[in-house]
Amino acid sequence: MCLALCDQLVVSFQLQEIVFKNFYTAFLTIRVQRRSPADVAGEGPRKWVTCLRNYCLMPNPHTEEGSQDYFSVFRDQMLCDVDEVMAIRMILRQPSPVWLHFTIEELQIYPRGQESPQKDFPSWLSHLTSREQPANLHGGLPNPEKVSAEVQQMWVLTEMIHANRAAARIGRFDVDGCYDVNLLSYT
Amino acid sequence: LAHHSHRTAFNNNISMAYECLGASGRRKKPGVNGRIYSELLRRICQDSEAPQEVTSPLLQRIQCRDHEAVPFDVFRYGVLTCFVLLEFVAKADTLYDVLDDGSGVADKRVCQAVLGTLEEALGASDFSVPIRYLEAGSKLGPDCLAVAMDRALLERKLSTSMKREEFLKKAAVLFIAKVKPVD
């Protein structure tokens, strides 16, 4: 079963990212209508081009997995150039008879230079599992789980004392609100 | 005395201790002076199992001079810091047991790798940016620590040991560096 959504734009733009929330769509195809760079007046024939073909949103169309997930599709993932886009057509497919209704929601389209907020995430958050899989570790290594547990507690204790710094001071070198130079010494 | 993690009870205990110590008694002037405060901190550290060479750098940082009047905020911070350091050293002691794997002696390269990773994680923290907490937590995860320890063993072939006292001292330095000196 297929459903097509079409968005006709007034001016052309450079597509950067498409973000949406899935609702039981199994596969997504995106086609764009582009204006030719030579067609300054915008009156020339426009061609529909497939930039994303059968992008899998649900690994198994009959089950829940991926059915309500958020997705981001970047220009780098597209099959073709997505500059000078005049219209976008999104073709949703759901072959399973289990789901009576399917669509995509919260659709957001970002042009180049305006990225989705998730871009601000630091790169290390995208690599939460170690890049260097410690497959060939020395046999004599201490248990990393136990080491990690103790070290993390030591870190927490240190951070806690850093956070609990005293606001008050002794005022050791203060004399009537000023420093007395004679009281200062080299240590 | 309540454990420092039971913050309300601990704060109540600290307040009562400050009042008791500050009561004039036989002294001419009421209030907690540097002599009483510093002596209390020394007693707290002496009564523990932590070695003196580990605790004395902290005392030097937070003690007061005998004649100085100690405000409650400074008193509380000093006492809290002592107890937290003692718990930190106890954790470091347990960590050494993990690193030596029951042999009684830990590999120096592994010790330095673990302490180096902890130092890096402490340096990464910034209270104005909460995400730094996640970054530090990621650095101290089992995977990263395993890679750090493995790399240390591969980079330096010569194997020497680090004694427990030296490990505790080096670990305590990382903690004490984050303690604000009394001024």
Side-chain angles (χ1 to χ4, degrees), chain A residues 117-175 177-187, chain B residues 4 34 64-65 68-78 80-81 84-85 87-88 91-92 94-95 98-101 106-107 110 114-115 117-118 121-122 125 127 131 133-147 149-151 153-154 171 174-175 177-180 182-183:
Chain A
Q118 283 74 20
K119 276 288 188 185
D120 292 337
F121 265 34
S123 60
W124 64 266
L125 262 182
S126 303
H127 299 96
L128 282 175
T129 53
S130 176
R131 292 187 207 187
E132 302 168 52
Q133 293 300 324
N136 300 317
L137 292 179
H138 275 82
L141 266 191
N143 185 327
E145 300 275 352
K146 289 183 181 176
V147 171
S148 174
E150 297 303 324
V151 169
Q152 289 199 26
Q153 289 180 64
M154 289 164 68
W155 178 80
V156 166
L157 290 171
T158 311
E159 288 301 316
M160 189 186 75
I161 215 63
H162 186 69
N164 275 277
R165 293 176 157 200
R169 295 170 56 244
I170 294 285
R172 185 166 288 156
F173 300 114
D174 291 355
V175 176
C178 305
Y179 283 112
D180 184 339
V181 175
N182 295 324
L183 292 176
L184 296 175
S185 63
Y186 289 107
T187 54
Chain B
H4 64 81
C64 291
R65 294 175 190 169
E68 289 174 330
V70 181
F72 174 70
D73 204 23
V74 172
F75 178 85
R76 182 188 162 278
Y77 181 71
L80 174 66
T81 305
V84 175
L85 173 66
E87 186 169 349
F88 178 92
K91 297 283 175 199
T94 307
L95 176 59
V98 176
L99 296 180
D100 76 6
D101 204 21
D107 189 298
V110 169
V114 170
L115 291 177
T117 308
L118 175 58
L122 288 170
S125 296
F127 285 85
I131 206 165
Y133 279 72
L134 289 175
E135 186 171 6
S138 170
K139 281 187 174 132
L140 299 177
D143 281 350
C144 287
L145 282 165
V147 168
M149 290 189 287
D150 188 55
R151 196 177 289 150
L153 288 173
L154 287 171
L174 300 180
F175 177 93
K178 290 285 188 173
V179 173
K180 179 175 174 282
V182 168
D183 63 358

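In what follows, chains carry the letters A, B, and so on, assigned in the order in which the sequence lines appear, proteins first and then strands, with residues in each chain numbered from 1. All values reported here derive from a predicted model rather than from experimental measurement.
- Scanning all heavy atoms of the two residues, the minimum distance from B/L140 to A/S148 falls at O-OG, 2.7 Å.
- The most heavy-atom pairs under 4.5 Å with chain A, out of B/D101, B/T117, B/T94, come from B/T94.
- Interatomic distance, A/L157 CG to B/E87 CD, rounded to the nearest 0.5 Å: 5.0 Å.
- The contact between B/L174 and chain A is made entirely by backbone atoms, counting heavy-atom distances below 4.5 Å.
- Closest approach of B/V98 and A/P142 over heavy atoms only: O-CB, 3.7 Å.
- B/M149 and A/P144 make their closest contact through CE-CA, 4.3 Å (heavy atoms, listed as atom of the first residue, atom of the second, distance).
- Taking CE from A/M160 and OG1 from B/T81, the interatomic distance works out to 8.5 Å, rounded to the nearest 0.5 Å.
- Note that NZ of B/K178 and OG1 of A/T158 are 8.5 Å apart. Values are rounded to the nearest 0.5 Å.
- Only the side chain of A/Q153 comes within less than 4.5 Å of a heavy atom in chain B; its backbone stays farther off.
- Both the backbone and the side chain of B/L80 come within contact range of chain A, with heavy atoms under 4.5 Å apart.
- Contact count versus chain B (heavy atoms, under 4.5 Å) is highest, among A/I161, A/V147, A/V156, A/V151, for A/I161.
- Looking at B/A92, both its backbone and its side chain come within 4.5 Å of chain A, counting heavy atoms on both sides.
- Taking all atoms of both residues into account, the shortest heavy-atom contact from B/G137 to A/Q152 is O-NE2, 4.1 Å.
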